[in-house]
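Encoded as structure tokens, the structure appears first; notes follow it.
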There are 2 protein chains.
Amino acid sequence: MSQIFFGAPPRPSAPAGANVSERAQLPPSLAISTVIFALKPDPLANGAPTLWLPLVRRIKEPFRGQWALPGGPLTAEESLEDAARRNLLETTGLAPAYLEQLYAFGGLNRSSRPERGSQRVVSIVYWALVRATEAQLSVGGAGGDENVAWHRADTAGAGEGGLAFDHREIVDYALWRVRTKIEYAQIAYHFLGPTFTLAQLREVYEAVLGRSLDPANFRRQLKSAPQIEATDEFLEGGRHRPPRLYRYTGPLDATPGGPGPGSTQS
Amino acid sequence: MSQIFFGAPPRPSAPAGANVSERAQLPPSLAISTVIFALKPDPLANGAPTLWLPLVRRIKEPFRGQWALPGGPLTAEESLEDAARRNLLETTGLAPAYLEQLYAFGGLNRSSRPERGSQRVVSIVYWALVRATEAQLSVGGAGGDENVAWHRADTAGAGEGGLAFDHREIVDYALWRVRTKIEYAQIAYHFLGPTFTLAQLREVYEAVLGRSLDPANFRRQLKSAPQIEATDEFLEGGRHRPPRLYRYTGPLDATPGGPGPGSTQS
DNA sequence: TCAAAAGTGTTGTATTTACACCCATGG
DNA sequence: CCATGGGTGTAAATACAACACTTTTGA
């Protein structure tokens with residue numbers, strides 16, 4: 001993959017030494033949140049796929065009525081990643097194939113409308129990738145919850161006073177992370193099924209990176225990667241010449257159980 | 001900088017669903033720790049510079065007598081980064097120019113000798129870079145504390161039953177992070193003073209990367225970077241032709257106040 | 001037979017790497 | 001004047017980007 005400069009990463013404004021309210025002296029509590037990305041066709045953008053994520057509507061103050069990342073407290077008997085998985089399943093019904101820690105957010109003014117007596121919260125945020133097919137089943141489909149819905153990752157909460165807390169900054173940072181990581185790690189396959197055409201794979205890269213790629217050069221780069229294996233099958237039913245289906249055989253760069261970007265081979 | 005494959009990053013064994021003791025149901029508490037790197041000449045290795053870090057000896061169980069990363073609890077009125085800075089100053093006397101979040105460690109068995117009734121701890125770990133000159137003054141010098149000492153980053157705790165808790169894994173991950181990050185971000189200058197010779201800068205890269213670099217090509221790469229500015233001064237006192245001193249003028253990739261790898265331009 | 005996407009070939013340019021070579025200084 | 005590190009030149013190898021071109025299918 002080529003080196004692409006995406007500009008400076010979004011930097012939370014990080015009000016480090018900001019005004020300190022007379023908040024309770026309770027120790028900060030811990031919560032887990034997750035940014036879950038899926039690639040879905042955008043009806044407002046010609047049907048081209050873009051990044052979407054599920055959000056939950058807050059039913060309590062602060063930020064009542066606004067959209068927030070799925071999350072919840074960390075219980076005593078589960079690891080951070082387990083907590084992320086459990087909470088994800090409870091709030092959205094999703095079980096992502098890829099899940100990795102993003103960052104720990106612990107600024108003093110994360111709630112920007114600090115209530116008196118409210119406890120300060122440190123959020124350890126994970127990010128996840130799911131396939132569009134899984135995404136359809138769990139949220140917003142039949143039996144879907146009104147308070148859980150998919151939003152476009154880049155514009156979520158735009159016309160509604162923004163997302164709750166500092167969640168807009170968190171999503172921006174997660175977006176920056178997928179975009180840079182897809183360039184050097186094997187994460188694109190988590191958006192796709194076990195077999196796929198090269199055009200589908202290219203669509204994933206184009207959607208995440210936000211620019212078009214040369215089909216010819218893209219094909220060559222993948223053919224030089226030994227982890228891409230051609231199958232004997234072709235995708236029928238298209239309007240034109242049926243493209244060959246491929247399979248990814250390398251390490252699925254799967255779910256880093258700990259720190260580190262999974263495998264890093266190109 | 002060239003692309004170098006450092007092998008798979010060190011993966012904490014991440015005992016996710018490991019045996020669960022009848023520990024207290026208290027919510028997990030939060031602590032901050034820091035991995036502080038400095039480049040110091042290693043007497044055992046020909047005087048070649050290597051990465052060192054300060055550790056503190058534990059005076060309480062568990063792991064009494066063993067070496068651990070400097071750290072402490074997070075208080076209610078400070079951000080995560082402020083807590084790291086404060087704790088660093090208190091335990092080692094260091095005020096690093098570069099400080100960035102590394103990872104949040106929250107496995108269930110981090111203390112591998114779980115005491116009954118001991119509370120589970122989630123550690124948010126930062127990593128920092130300091131100059132060798134600062135490093136000398138604060139720890140192990142005159143008036144130095146016996147229970148704070150510098151160790152080689154790669155072998156610390158080797159003959160002494162290892163480091164406390166999961167700190168060996170944490171240090172390995174931090175090492176992996178410096179090594180990969182020095183390839184694309186402007187962090188090498190934090191090991192050096194305001195002016196330096198190209199040979200000194202090359203020594204930094206060689207020490208961190210663990211391999212030798214071609215002086216000619218190294219020079220060219222830096223000259224093509226507009227952020228390296230030649231001064232009128234030369235380093236006198238050497239045994240041979242005095243080398244020119246240079247200055248780094250670009251953004252010091254300084255202390256990311258929030259997530260993101262600081263600036264990413266090459 | 002035509003449109004459109006699949007798939008191949010070719011070429012110019014930038015980057016990386018290896019290494020030969022000259023320059024300047026202290027001893 | 002010579003050993004040593006500072007500093008320059010050059011050419012091969014590799015990787016990247018642009019784009020012309022052929023192939024294969026459905027309609």
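Each chain gets a letter, A, B and so on, in the order its sequence line appears, and its residues count up from 1.
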Rounded to whole angstroms, how far apart are [atom1] on [X] and [atom2] on [N]?
X        : N      : atom1 : atom2 : value
B:Asp214 : D:dG7  : CG    : C1'   : 12 Å
B:Leu235 : D:dG5  : CG    : P     : 14 Å
A:Phe234 : D:dG26 : CZ    : P     : 13 Å
A:Asn217 : C:dT13 : CG    : C1'   : 13 Å
B:Phe218 : D:dT8  : CZ    : P     : 15 Å
B:Gln221 : C:dT15 : CD    : P     : 11 Å
B:Arg239 : D:dT4  : CZ    : P     : 10 Å
B:Arg244 : D:dG7  : CZ    : P     : 7 Å

Identify, with sequence neighbours excluded, every residue that meets side chain to side chain contact (heavy atoms under 4.5 Å, CB included) alongside [X].
X        : result
B:Ala48  : none
A:Glu160 : A:Trp67
B:Thr197 : B:Ala199, B:Gln200, B:Leu235, B:Pro243, B:Leu245
B:Arg241 : none

- request: Starting from the 5' end of DNA chain D, give me the residue, A:Ala216 or B:Tyr246, whose nearest nucleotide shows up first.
  value: B:Tyr246

Contacts under 3.5 Å, N or O only, protein and nucleotides 22-24 of chain D:
unit_1	atom_1	unit_2	atom_2	d
D:dT23	O2	A:Arg241	NH1	2.7
D:dT24	O4'	A:Arg241	NH1	3.3

side-chain N/O B:Lys223 vs D:dT8 OP1/OP2, d < 4.0 Å: yes

- request: Name all residues meeting the side-chain hydrogen bond (donor to acceptor under 3.5 Å, both in side chains) criterion together with B:Arg219; count only those two or more places apart in sequence or in a different chain, and write none if there are none.
  value: none

message: Quick check for you: among D:dG6, C:dG7, D:dA17, whose closest atom lies nearest to any side-chain atom of B:Arg202?
response: D:dG6

task: For the pair A:Tyr103 and A:Tyr173, name the ring-plane relationship: parallel under 30°, tilted 30 to 60°, perpendicular over 60°.
output: perpendicular

query: Hey, does B:Arg220 reach any base, or is it just sugar-phosphate, or nothing, if we go heavy atoms under 4.0 Å?
result: base

- request: Please say whether more than 12 non-hydrogen atoms of neighbouring residues, nucleotides or ligands are located less than 6.0 Å from CZ in A:Arg168.
  value: yes

